Protein chains: 4
Amino acid sequence: MPRPTNPKLRRAILDVARRVLIEQGYPALAMRPIAREVGCTATSIYLHFDSKDALIHALIDEGMELLGRELRAALAAGATPRDRLQRLARAYLSFGLENPEYYEIMFMLHPSRMERYPAENYRRARRNLDFFHQELAAALGPAAADRDLRAEATLLWTSLHGTVSLLIAGRIDAAIDRDKLVELAVAQVLRSLSPPPLLPESDAARN
Amino acid sequence: MPRPTNPKLRRAILDVARRVLIEQGYPALAMRPIAREVGCTATSIYLHFDSKDALIHALIDEGMELLGRELRAALAAGATPRDRLQRLARAYLSFGLENPEYYEIMFMLHPSRMERYPAENYRRARRNLDFFHQELAAALGPAAADRDLRAEATLLWTSLHGTVSLLIAGRIDAAIDRDKLVELAVAQVLRSLSPPPLLPESDAARN
Amino acid sequence: MPRPTNPKLRRAILDVARRVLIEQGYPALAMRPIAREVGCTATSIYLHFDSKDALIHALIDEGMELLGRELRAALAAGATPRDRLQRLARAYLSFGLENPEYYEIMFMLHPSRMERYPAENYRRARRNLDFFHQELAAALGPAAADRDLRAEATLLWTSLHGTVSLLIAGRIDAAIDRDKLVELAVAQVLRSLSPPPLLPESDAARN
Amino acid sequence: MPRPTNPKLRRAILDVARRVLIEQGYPALAMRPIAREVGCTATSIYLHFDSKDALIHALIDEGMELLGRELRAALAAGATPRDRLQRLARAYLSFGLENPEYYEIMFMLHPSRMERYPAENYRRARRNLDFFHQELAAALGPAAADRDLRAEATLLWTSLHGTVSLLIAGRIDAAIDRDKLVELAVAQVLRSLSPPPLLPESDAARN
DNA sequence: CATGAATGAGCTTTCATTCAT
DNA sequence: CATGAATGAAAGCTCATTCAT
């Protein structure tokens, strides 16, 4: 389904859609308002995107690639595995906070919208998260032997995601300094390099 | 304006609304589909709730109270601060995973819909998070002196939230064991009791 | 259809309905808002009135009777036919301006609402206008011989109605003094006692 | 936001709306019934009018312009101020009786619906009434010196309005000949050129 | 490559009214 | 004498989408 057409209009549509999304939320992400802001007709959008879902998916793709770029840049700048891990975390947080529109559509959309997201894109997108796994392994070295690094890397990601998404959603108490929270989140990632804590006994009895 | 009315119908409406929300997402949370499933007319819903927003707020309130109950139970069961902290984390994760409909509506709805959530309820809801602060302080004791516990407690919460929300949304790779991830999330909370890691020098140079 | 029931509630309903009518207009004259203000249920209104139309008709009847009372009082106070005519006009204007809710529902409602107004009430209501005819005849005496007094009396009424209704509707330029306009309207009624003007010739040629 | 679009449909909508208004009253002036009669969907109406109010305002504008045209034609045809005044009155009455749908929407709609009528249009509309003032002044000449012509011109208008509106509303006794009433109304306007009557003494004592 | 016109389904909400209690 | 619960219809309006041009 090659769809070259006027690339400028395509860009404009994507940009407006992103802005509307963050400013007014998903329910307001309607074709006609987008068209009005872009300065074309709603019909024109359909020349560039098969459907509203396709438009959203294009935004997701763009966002994933942008994130990938930034994570790779972080990797390249790091001297040691530990340094790279820290940079990865910081880059992830920065990306989310500086591109909330992308972030929201990439990671905060309801699954009912994601179901239609082509599986192949999905897989490609997930690759971004492998960086965490890879650097965690490198940083731990032989100490990684008896740890489930895939799960640990996932945890790093989900933790960062929680911080980003709640900050974006404005759910964090205004008394909390955003930069401070970011620093703590980065530190938490580095903490995961030290050996896991012993769970209290009460826990062993549980479940 | 009497508002108690038939409590069974009220319950049914809330239950269906919760289910629709998780199954089909917010945009599908419409009055008529809910009514159809409940087996009443859309008009009847308005006998029990002033508006769609009021219905959603009622769900949030219910969820917040349920969460509060579970967190308090966890606290009560813990022997030491460290134990209580670990139980709090586990209870939070369990609540989210076992009540995804509540969790989604409580913490994952777009803020544009949340603005009208009455400020007072909001404050009451946030109190649930104070437990983390309180137990963190108790567990650290004098070591808490030069740490920003409010921010650290918030980080605990956001990290747990990230794990819960991505699990709920089905965004976690199927190869990752859900229980394993939960255990790691709990362990991460306990790790926050140890002294913070030294950030690599590369960081000091940054911005 | 005797409908005694609680007369206090009946009164309250009528009073609130009247107020709502003038404050928010006919489209807002809904049963439930009335009930809410009265402090009863919508159902209760139906114990006192068969329908919304019946409620409106009751208001019209009340208004007509009130108007009749005031016109009769004006008549009684007048010494001469000319004086009585002038008092009638003034009383009519005063009634409308002081009871805009009644006036609006009596004379400004769309005919589609009036169709259902029982014919008998209608006739009774119209009797109020006979006063104008009667006093006009008395004031003119023998001079009335070759004039169509029924039509002239009707004109007096329609002219007064125009002034009242536009004042009530707020359609009169704010720069026009309300009292001045009323005085002019009264004077216009008295002017109708003098012989009719000769129409310019151009008129004879018309149509 | 291009708005010319298919002008035939626009016309058809306006025409049907006008007819529905007079036949069934304002509450029946709903988008879907109009659409049904026009033979399009309710949505299509929104291609031509921003809202129901905008549709109504368009009708008012049309009516005001039509009235203006007819009043200006009357003025042009009159030889003397007195003649012109008489023609103005007759033209006003004719307009109302021949275009009851326009007249009703222009002057008989409840103010609560009128508030949103753009102020600028409103002012423009009111200019139609200046013709009465202007010709009254011309006809009276120096005799106008100690009279409030603005108020008197307003009274002419309100009186004519009363006659038109009650005739339109079918509130006039069937025994009254419509043409006769119109002639009397015109005559009443001319009578206003003679000096004002002395009010009876009883009036001086009043209030 | 783009538009204007149109559609049908759906939205939240309010309406007048009824009926068993 | 009055209520709570419910209903079906309809309101104004917006949605994603299509199609002829």
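The analysis underlying the following values was restricted to heavy atoms, covering all of them including side chains, and did not include hydrogens, waters or symmetry mates. Please read all numbers here as calculations on a predicted model, not as lab measurements. Residue numbers start from 1 in every chain, and the chains themselves are labelled A, B, ... in the order their sequence lines are given, proteins ahead of strands.
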*Asks:* If dT7(F) has a Watson-Crick or G-U wobble mate with both distances under 3.5 Å, name it; if not, just say none.
*Replies:*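 In the structure as shown, dT7(F) has dA16(E) as its Watson-Crick or wobble partner.
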
*Asks:* Give a yes or no on whether a salt bridge exists between Arg11(A) and Asp15(A), defined as a side-chain N under 4.0 angstrom from a carboxylate O.
*Replies:* yes

*Asks:* Measure from CZ on Phe49(D) to C1' on dC13(F) and round the result to the nearest Å.
*Replies:*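 Rounding to the nearest Å, CZ of Phe49(D) and C1' of dC13(F) are 16 Å apart.
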
*Asks:* Grab the CZ-P distance between Arg36(D) and dG8(E) for me, whole Å please.
*Replies:* 14 Å

*Asks:* Take the protein atom CZ of Arg10(C) and the nucleotide atom P of dA2(F), then report the distance between them rounded to whole Å.
*Replies:* 13 Å

*Asks:* How many whole angstroms separate atom CG of Leu55(D) from atom C1' of dC13(F)?
*Replies:* 14 Å

*Asks:* Among the nucleotides dC15(F), dT12(E), dT17(E), which one has an atom lying closest to any side-chain atom of Thr43(D)?
*Replies:* dC15(F)

*Asks:* If you pin Ala42(B) and Asp53(A) to their nearest nucleotides in DNA chain F, which one's is more 5'?
*Replies:*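 The 5'-side residue here is Ala42(B).
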
*Asks:* May I have the distance from His48(A) (atom NE2) to dC1(E) (atom C1'), rounded to whole angstrom?
*Replies:* 8 Å

*Asks:* Counting heavy atoms from C-beta on, name the nucleotide in dA2(E), dT17(F), dT17(E) closest to the side chain of Ser44(A).
*Replies:* dA2(E)

*Asks:* Check the distance between dG4(F)'s C1' and Tyr46(C)'s OH and give it to me in whole angstrom.
*Replies:* 16 Å

*Asks:* Could you state the interatomic distance from OH (Tyr117(A)) to CG (Asn121(A)), rounded to the nearest 0.5 Å?
*Replies:* 4.0 Å

*Asks:* Nearest 0.5 angstrom please: Ile13(B) CD1 to Ser44(B) OG, how far?
*Replies:*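 Rounded to the nearest 0.5 Å, the CD1-OG separation comes out at 7.0 Å.
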
*Asks:* Could you tell me how far apart Asp50(C) (CG) and dT17(E) (C1') are, to the nearest whole angstrom?
*Replies:* 12 Å

*Asks:* Considering only dG10(E), dA6(F), dT18(E), which nucleotide approaches the side chain of Arg32(C) most closely?
*Replies:*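 Per side-chain heavy atoms of Arg32(C), the pick is dA6(F).
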
*Asks:* Roughly how far, to the nearest 0.5 Å, is the CD1 atom of Ile168(A) from the CE atom of Met108(A)?
*Replies:* 5.5 Å

*Asks:* Using a heavy-atom cut-off of 4.0 Å across all strands, would you classify Leu29(C) as base, sugar-phosphate, or nothing?
*Replies:* sugar-phosphate

*Asks:* How long is the gap from CD1 on Ile45(C) to CG on Leu14(C), to the nearest 0.5 Å?
*Replies:*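 Nearest 0.5 Å value for the CD1-CG distance: 10.0 Å.
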
*Asks:* Taking a pair as Watson-Crick or G-U wobble with both distances under 3.5 Å, which nucleotide is matched to dT21(F)?
*Replies:*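 Its partner is dA2(E).
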
*Asks:* Taking for each residue the nucleotide of DNA chain E bearing the nearest heavy atom, is the 5' side occupied by Met31(C) or by Ala30(B)?
*Replies:* Ala30(B)

*Asks:* Return the value, rounded to whole Å, for the distance between atom CG of Leu47(A) and atom P of dG4(E).
*Replies:*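 Checked: the CG to P distance equals 13 Å.
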
*Asks:* Measure from the side chain of Thr41(C), starting at C-beta and using heavy atoms only, and say which of dT7(E), dT3(F), dC13(F) lies closest.
*Replies:* dT3(F)

